[in-house]
Number of protein chains: 2
Amino acid sequence: MRLTTKGRYAVTAMTDLALHQHDNGGRPVSLSDIAERQSIPAAYLGRLFASLRSHGLVESWRGPGGGYRLARSAGDISIADMIEAVDERTDNTRCRGQVNCQDNHKCLTHVLWSDLSQRIQDVLSDICLSDVVSDAQVREVAERQDAMAKNRGGAATVQWRRPC
Amino acid sequence: MRLTTKGRYAVTAMTDLALHQHDNGGRPVSLSDIAERQSIPAAYLGRLFASLRSHGLVESWRGPGGGYRLARSAGDISIADMIEAVDERTDNTRCRGQVNCQDNHKCLTHVLWSDLSQRIQDVLSDICLSDVVSDAQVREVAERQDAMAKNRGGAATVQWRRPC
DNA sequence: GGATTTGTTGACCAAAATAGTAAGGTATAG
DNA sequence: CTATACCTTACTATTTTGGTCAACAAATCC
Ligand code: FES
Ligand code: FES
């Protein structure tokens with residue numbers, strides 16, 4: 001599993017979502033709010049959320065007042081879940097699990113990469129969104145970001161609807 | 001720390017070197033032998049070995065009968081050492097340690113990537129070359145490779161010289 | 001000494017992966 | 001009907017990676 005900007009955006013956006021999903025009485029959090037707070041290109045982030053949704057990590061609502069909410073509790077979503085959703089590929093072997101990277105045979109180090117992939121996956125599975133959200137340093141940054149965004153619109157009426 | 005073909009080549013070549021450095025009475029193992037056994041482009045591998053050498057992982061000899069040997073014992077060279085030598089960059093933060101990736105401020109998840117980088121580094125530091133070499137599956141592949149290369153030249157006279 | 005072998009270096013190139021954009025479509029509130 | 005906000009596809013630009021080439025330097029062999 002490789003860490004790239006795509007995966008970092010996904011985790012950052014999900015963290016933002018987790019932090020703000022109880023604002024305004026729990027109405028869905030819109031893409032544009034997240035993108036603005038986290039300085040992520042909105043169009044790009046939109047595609048990442050499509051993946052997160054199709055992997056069952058978030059629910060979405062369309063139309064005015066629409067947006068996203070976590071589909072599961074933050075304690076039940078690991079870093080690995082999020083990165084996998086947008087990055088697919090949990091495997092660090094050259095052969096992508098085909099065991100054929102040297103002229104259709106197993107290369108000298110296949111077993112090593114396979115083993116390491118598993119260990120790295122374990123590390124990323126061991127940390128979940130609630131761990132991130134409750135970290136003191138993370139909260140501190142979030143507060144600064146919220147203060148920064150104070151100029152934008154106030155609370156709106158709360159609505160209940162079914163997700164898409 | 002990201003796993004890429006460059007790092008995989010480095011580890012594969014080092015493993016091959018560790019496995020063959022006692023062949024022919026301990027004469028240096030040539031680049032072309034390693035490249036051929038492991039199906040790695042020789043010119044490319046040459047540059048990787050230059051990095052491995054400058055990081056003190058191998059010693060080299062030029063001229064006829066020249067080649068490489070491990071500069072330290074296989075138990076004293078970790079996977080992290082080898083990957084770092086060719087890849088530099090042990091850091092998975094977006095800011096590369098600058099703590100400035102959101103408009104010159106710390107982004108929401110900096111502390112997370114920083115922490116994860118360390119954990120992954122620990123995993124890669126925990127396995128060393130001797131672990132790889134002594135793995136049963138690795139030895140099995142090595143034997144097949146050696147049988148494959150049986151057509152090439154036999155043992156030559158042993159020489160002692162100082163490394164480059 | 002000269003040819004040959006082997007590693008060393010730097011510049012260069014091609015292909016792949018990644019990050020980002022743009023535009024049209026669909027559902028929903030009001 | 002219209003504005004909002006998510007959804008999807010296609011495309012483009014940039015960066016990174018993998019790989020080549022040629023000239024070079026050291027050591028050996030004859
Ligand atoms: S990595 Fe799987 S065969 Fe080489
Ligand atoms: S990753 Fe370091 S500031 Fe964002």
Side-chain angles (χ1 to χ4, degrees), chain A residues 2-10 12-13 17 27-36 39-55 58-69 83 86-89 94 96 101 153 156-164, chain B residues 2-10 12-13 17 27-36 38-55 58-69 71 83 86-89 94 96 101 153 156-164:
Chain A
R2 74 230 130 106
L3 299 186
T4 170
T5 297
K6 205 191 314 192
R8 283 189 289 247
Y9 279 169
T12 301
L17 177 52
R27 78 167 356 186
V29 183
S30 82
L31 186 59
S32 55
D33 284 356
I34 300 177
E36 182 167 353
S39 311
I40 299 173
Y44 193 45
L45 186 57
R47 289 178 22 211
L48 301 187
F49 265 109
S51 296
L52 292 168
R53 186 175 98 92
S54 75
H55 283 76
V58 298
E59 288 174 328
S60 70
W61 284 262
R62 299 208 221 201
Y68 298 91
R69 276 213 297 251
I83 292 179
V86 296
D87 247 12
E88 22 248 36
R89 189 181 345 168
R94 179 167 161 77
R96 307 272 171 90
C101 90
T157 56
V158 180
Q159 305 263 336
W160 189 90
R161 286 180 280 157
R162 307 195 65 86
C164 291
Chain B
R2 74 231 131 104
L3 298 185
T4 171
T5 298
K6 202 191 316 191
R8 284 189 288 248
Y9 278 169
T12 302
L17 177 51
R27 75 167 359 186
V29 183
S30 82
L31 184 61
S32 55
D33 284 355
I34 300 176
E36 181 168 353
Q38 304 306 329
S39 310
I40 300 173
Y44 193 44
L45 187 58
R47 296 192 5 225
L48 301 187
F49 265 111
S51 296
L52 293 168
R53 187 174 98 91
S54 74
H55 282 76
V58 299
E59 288 174 329
S60 70
W61 284 261
R62 299 208 220 201
Y68 298 92
R69 275 213 297 252
I83 293 178
V86 296
D87 248 11
E88 18 247 40
R89 189 176 349 163
R94 179 167 162 77
R96 308 271 170 90
C101 90
T157 56
V158 181
Q159 304 262 336
W160 188 90
R161 287 179 281 157
R162 307 195 64 87
C164 289

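In the text below, chain A, chain B and the rest are named by the order of the sequence lines, each starting its count at 1.
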Worksheet item: When every nucleotide of nucleotides 1-11 of chain D is labelled 5' to 3' by its protein contacts under 4.0 Å (heavy atoms), B for base, S for sugar-phosphate only, - for none, what sequence of letters results?
Response: ---BSBSBBB-
Discussion item. Checking A/R89 now: which residues fulfil salt bridge (charged side-chain N to carboxylate O under 4.0 Å, His left out) with it, not counting sequence neighbours?
Written reply: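 Residues passing salt bridge (charged side-chain N to carboxylate O under 4.0 Å, His left out) with A/R89: none at all.
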Starting from [atom2] on [N], measure out to [atom1] on [X] and report it in whole angstrom.
X     : N      : atom1 : atom2 : value
A/I40 : C/dA19 : CD1   : P     : 12 Å
A/Y9  : C/dT18 : OH    : P     : 14 Å
B/L3  : C/dA17 : CG    : P     : 16 Å
B/R94 : C/dT18 : CZ    : P     : 14 Å
B/L45 : C/dT6  : CG    : P     : 15 Å
B/I34 : C/dT6  : CD1   : P     : 13 Å
B/R27 : C/dT5  : CZ    : P     : 14 Å
A/Y44 : D/dA13 : OH    : P     : 17 Å

Worksheet entry | Pairwise side-chain contact, B/I34 with B/I40, heavy-atom cut-off 4.5 Å (strictly under) |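 SC-SC contact between B/I34 and B/I40 ruled out.
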Worksheet item: Does the side chain of A/W61 reach to within under 4.5 Å of the side chain of A/P28, using non-hydrogen atoms?
Response: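 The answer is yes, as the side chains (C-beta and beyond) meet within the 4.5 Å cut-off.
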Practice prompt. Could you give me the CA-CA distance, side-chain angles and deciding distance for B/R69 and B/V29, then say whether side-chain contact (heavy atoms from CB on, under 4.5 Å) is met?
Written response: CA-CA 7 Å; B/R69 275 213 297 252; B/V29 183; 5.6 Å; no
Discussion item. Under 4.0 Å from OP1 or OP2 of C/dA19: is there any side-chain N or O of A/T5 that close?
Written reply: yes
Give every donor-acceptor pair under 3.5 Å between a side-chain atom in residues 44-55 of chain A and any protein atom, sequence neighbours left out.
| unit_1 | atom_1 | unit_2 | atom_2 | d |
| --- | --- | --- | --- | --- |
| A/S54 | OG | A/S51 | O | 3.1 |
| A/H55 | ND1 | A/S51 | O | 3.0 |

Worksheet item: Partners of A/T5 by side-chain contact (heavy atoms from CB on, under 4.5 Å), sequence neighbours excluded?
Response: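 So A/T5 forms a side-chain contact (heavy atoms from CB on, under 4.5 Å) with A/R8, A/Y9, B/R94.
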Practice prompt. Among D/dG18, D/dT16, D/dG19, find the nucleotide with the atom closest to the side chain of B/P41.
Written response: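 Closest of the options to the side chain of B/P41: D/dG19.
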